[in-house]
There are 2 protein chains.
Amino acid sequence: MKTKPLFIEHYLLPTCNGEITTMSFLQDVVDILLQYVVKSFDRSTKVIDFHYPNELLQEYNWELADQPQTLEEILLNCRTTLKYAIKTGHPRYFNQLSTGLDMVGLAADWLTSAANTNMFTYEIAPVFVLLEYVTLRKMREMVGWPGGCGDGIFSPGGAISNMYAMLIARFKMFPEVKEKGMAAIPRLVAFTSEHSHFSVKKGAAALGIGTDSVILIRCDERGKMIPSDLERRIVEAKQKGFVPFLVSATAGTTVYGAFDPLIAIADICKKYKIWMHVDGAWGGGLLMSRKHKWKLNGIERANSVTWNPHKMMGVPLQCSALLVREEGLMQSCNQMHASYLFQQDKHYDLSYDTGDKALQCGRHVDVFKLWLMWRAKGTTGFEAQIDKCLELAEYLYNKIKNREGYEMPQHTNVCFWYIPPSLRGMENSEERTSRLMKVAPVIKARMMEYGTTMVSYQPLGDKVNFFRMVISNPAATHQDIDFLIDEIERLGQDL
Amino acid sequence: MKTKPLFIEHYLLPTCNGEITTMSFLQDVVDILLQYVVKSFDRSTKVIDFHYPNELLQEYNWELADQPQTLEEILLNCRTTLKYAIKTGHPRYFNQLSTGLDMVGLAADWLTSAANTNMFTYEIAPVFVLLEYVTLRKMREMVGWPGGCGDGIFSPGGAISNMYAMLIARFKMFPEVKEKGMAAIPRLVAFTSEHSHFSVKKGAAALGIGTDSVILIRCDERGKMIPSDLERRIVEAKQKGFVPFLVSATAGTTVYGAFDPLIAIADICKKYKIWMHVDGAWGGGLLMSRKHKWKLNGIERANSVTWNPHKMMGVPLQCSALLVREEGLMQSCNQMHASYLFQQDKHYDLSYDTGDKALQCGRHVDVFKLWLMWRAKGTTGFEAQIDKCLELAEYLYNKIKNREGYEMPQHTNVCFWYIPPSLRGMENSEERTSRLMKVAPVIKARMMEYGTTMVSYQPLGDKVNFFRMVISNPAATHQDIDFLIDEIERLGQDL
């Protein structure tokens, strides 16, 4: 097979007698992938083989043509794509909240692709619909809703989950909005902390609420929402004649990893009858840990929760759950009764046709990889994995807190400045600030060019660029943390 | 390895020396998947091994537990999941607009899972961001926009793509809506045909426009929007003081497969200065066919286009593109400038950080499977595949149009009633209608119980339940069409 310059398409299934070619083609691809997977965990390989966009466009012919390609060309496409890919499973890849590559998760994603179906009806996704039911119920149990009761859905990411929460909260208060639109209801306002994820504003813009109606509540120095400021702003909004409809508290902010005080926020939401949403996209995973779940105390009082297993739990992208305490609300809010999908005269229990809860029509199967990983690890395995990541963060924190050349604004996510020798001992001044601002971007660019590690940086409020170290990759060890620190020093000492 | 009752998790990567166990585990899973794939195309296997939800819940222990499972158990989970899965690649699976299982697409999806990254920045998805750029440009070229200029994104399905179009159209007309919300702008109205996809209404509900503001335009007997009715309703809305902001024309309606007259609609949109969106989720694929693309004449005048390669082009789920003619508008509409992701002091060309165009923050890589399939088939290969599906639809049409026991309201998607012998010759009456209404659901339930084939049915307007046959699976042949017809007769003749 490999010797003939054949157009691969013409010899694969469903072509007649295509079994052998198909098996051999898929096996060839799998061999390339297995090599890549093993290399991803090898500390002697680069995290990234960086090329600037224009260089990368010229390195290979990526264009689409009229004519088909041969088997060899298709395999070369795969190898080339992986050559320039970021090894997101590499033990020294710390760049995002989603890192790592779980082997059972990967296998499950491969199965999902082979099953190639759609979540809208039981008819075409019987097992996956049941597994979504089982898994969401378990997640709701861990949130603390009695018997795991309630509702939910896997959505395409935390931003969409947060948007769902806002959509449902609005519908709960003013169901007429579905038909009549925002024109028919009073001016709504939502509240979230100044450190919350930008998706709350994005959602408000999309839903016709407007970003001006998202009131940002002040945070303490650790990035937690200040409840007294929340209450003050709610009262103020009501005095202006606006209707507070949603508080989005954050369990694990994106930059500092801070947990808003959920109990105090729940009390305020109860007092003013406002929907309480908890954006636990990042921090939700701690519910798996007996040691750390106290940080989410009060989440059981939320009306809805976003929880992304593709972050702290290391499930392959994408896997985000929105959980809703009141059953049936999602359905009433979103259903349109498409008669070509949700026929009412089917021969099975129609409550398993869950697609009309969603904003999407077709919906990718995101549950199977989480479910299979959960079976493989057990709850205790997730717990151990998460505890280990938090232990590593603590190790990093202790390592640098007294080390020369580091300053640290926060804990949990470990956020810090590297201060190059030339700036050490220099008093706070405009010059120091403006030079410090340039340190992290230069070190990051050098990291990418050497390809040795990746970590994120950003400014926040009045704080100039600092590194944000996050550890969600179970492959990372103390040695990798040591490496990161040494590498930052190596790359930054001349700045 | 297989003989020890090991908790699989403890022996896989990133565990020390986990390479061999990992390779052998992934290979075991791949072997299960390869068997499933080959069986999917085997006409002697069932399309579905149907069980009612309660039965399926009892067939196997699907619950999540505290303790981990062994390798053998994990593999059994995979086998069991596939045992009850619908074989969506089976040559006799006609149930949805998305059918078939493309081998190159599957391989590409497996690679996407192994690469496990996120589309928000070039930094962490360099190749995939470039491939999205290359592929969307090519798709815009095929739409007919000069040089493929414009903008776009892959979104999680056609419903979300349509919602994007509505969001962007609203922003184009009233950019202040982003900050001020719907309260600050006039009452908007959108227009779409009575046969359009329900996602237009779903989007309007979500965006705070309200479903009452989606005006449904009448269709002719073939399901095409009647332009004179559109114009009349636009004038009427303006007279009431409403602001028409969007016409969503459909290229390939869900049930009838009808193509709205795009040129006439474009003329009306131009005259009244209204954003013209074309929902080509289903019909967009015909742009690949020199023989059939005339059905979309006028699409080049649209402001935005939804096109789902996961439907007519057979790309694995999910793969939906939204294309926008004006560059930069998506970015202005959706951007929130998150400083932790879209740092302005990065060392590469920031125009490749495309994530802030999206409503999502994290975004799954949906482009690679389309790109690799396009490389493998070439444009000509997609064309041949699509032409073949349309030829099969014509074959079916010709086969049943004069056959006793069938009545057909429409062409393209082939929609028809099977009339059992007991109803033949009976005059139109309430009794006939009410009996005919029950025929398709019973035949469908029997199909699923026998597991031999699957095809969709639905009522529409004053038409009681009829079959909607759609062919997007390149595995289907004339023989499978013959089989379907015979099977319907076999299962329905006693009704």
Side-chain angles (χ1 to χ4, degrees), chain A residues 9 12-14 29-30 33 41 53 64 66-69 81 84-86 88 103 107 109 113-117 124 127 138 156-157 159 178-182 198 205 208-212 316 318 336 338-340 345 347 349 352 360-362 364 374-379 381 441 445 458 475, chain B residues 9 12-14 29-30 33 41 53 64 66-69 81 84-86 88 103 107 109 113-117 124 127 138 156-157 159 178-182 198 205 208-212 316 318 336 338-340 345 347 349 352 360-362 364 374-379 381 441 445 458 475:
Chain A
E9 259 295 293
L12 296 176
L13 285 170
V29 173
V30 166
L33 298 181
F41 292 99
L64 297 166
D66 287 349
Q67 294 308 313
Q69 288 192 334
T81 298
Y84 299 110
I86 312 297
T88 57
M103 292 302 105
D109 219 16
S113 302
N116 193 35
T117 195
I124 68 160
V127 186
K138 184 82 181 172
K178 184 174 175 180
E179 286 83 28
K180 308 276 173 215
M182 293 292 288
F198 70 87
I209 293 164
T211 54
D212 288 353
Q318 60 195 30
M336 289 291 156
S339 62
Y340 77 95
D345 44 15
H347 64 309
D349 177 354
Y352 289 92
Q360 295 174 269
C361 173
H364 189 259
W374 206 322
R375 300 275 276 198
K377 290 180 204 294
T379 310
Q458 64 284 300
Chain B
E9 259 294 294
L12 294 176
L13 284 172
V29 173
V30 165
L33 298 181
F41 293 99
L64 297 166
D66 286 348
Q67 294 309 312
Q69 288 193 336
T81 299
Y84 299 111
I86 311 298
T88 57
M103 292 301 107
D109 220 15
S113 302
N116 192 34
T117 197
I124 68 160
V127 186
K138 185 80 181 176
K178 185 174 176 180
E179 286 84 27
K180 308 276 173 217
M182 293 294 287
F198 69 87
I209 293 164
T211 53
D212 287 353
Q318 61 192 37
M336 290 290 156
S339 62
Y340 77 95
D345 43 15
H347 65 307
D349 178 353
Y352 289 93
Q360 297 173 270
C361 172
H364 189 260
W374 207 321
R375 299 275 277 197
K377 290 179 202 295
T379 310
Q458 64 284 299

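Naming: A, B, ... by sequence-line order, numbering from 1 per chain.
Partners of B:Lys178 under the salt bridge (charged side-chain N to carboxylate O under 4.0 Å, His left out) rule, at least two apart in sequence or in another chain, do not exist in this structure.
Between chain B and the options A:Pro53, A:Ala115, A:Pro14, the largest number of non-hydrogen pairs under 4.5 Å is found for A:Pro53. When the candidates B:Ala338, B:Cys361, B:Pro316 are compared by the number of heavy-atom contacts under 4.5 Å with chain A, B:Cys361 comes out ahead. Contacts with chain A were tallied for B:Thr117, B:Leu12, B:Leu64, B:Val30; B:Leu64 has the most, counting heavy-atom pairs under 4.5 Å. Comparing B:Ala114, B:Gly208, B:Pro441 by heavy-atom pairs within less than 4.5 Å of chain A, the highest count is held by B:Gly208. Most heavy-atom pairs under 4.5 Å with chain A: of the set B:Asp66, B:Val29, B:Val127, this distinction falls to B:Asp66. Taking A:Asp349, A:Ile209, A:Asp212, A:Asp109 one by one and counting their heavy-atom pairs under 4.5 Å with chain B, the maximum is reached by A:Asp212. Note on A:Ala205, A:Ser113, A:Ala85: by heavy-atom pairs under 4.5 Å with chain B, the leading option is A:Ser113. Ranked by heavy-atom pairs under 4.5 Å with chain A, the list B:Gln458, B:His347, B:Lys180 is led by B:His347. The choice from B:Gly157, B:Ala445, B:Ala475 that makes the most heavy-atom pairs within less than 4.5 Å of chain A is B:Ala445.
For a residue to count as touching a neighbouring chain, one of its non-hydrogen atoms must lie under 4.5 Å from one of that chain's; by this rule B:Phe198 touches chain A with backbone and side chain alike. For a residue to count as touching a neighbouring chain, one of its non-hydrogen atoms must lie under 4.5 Å from one of that chain's; by this rule B:Ile124 touches chain A with backbone and side chain alike. For B:Phe41, the part sitting under 4.5 Å from any heavy atom of chain A is the side chain, from C-beta outward, and nothing else. Heavy atoms of A:Tyr352 lying under 4.5 Å from chain B belong exclusively to its side chain.
The main-chain N or O of B:Asn116 is found under 3.5 Å from a side-chain atom of A:Thr88 such that the two form a donor-acceptor pair. The backbone N or O of A:Ala159 sits nowhere less than 3.5 Å from a side-chain atom of B:Gln360 that would complete a donor-acceptor pair. The closest donor-acceptor contact from the side chain of A:Gln318 to the backbone of B:Gly362 lies at 3.5 Å or more, if one exists at all.
The closest side-chain heavy-atom distance from B:Met336 to A:Thr211 is below 4.5 Å.
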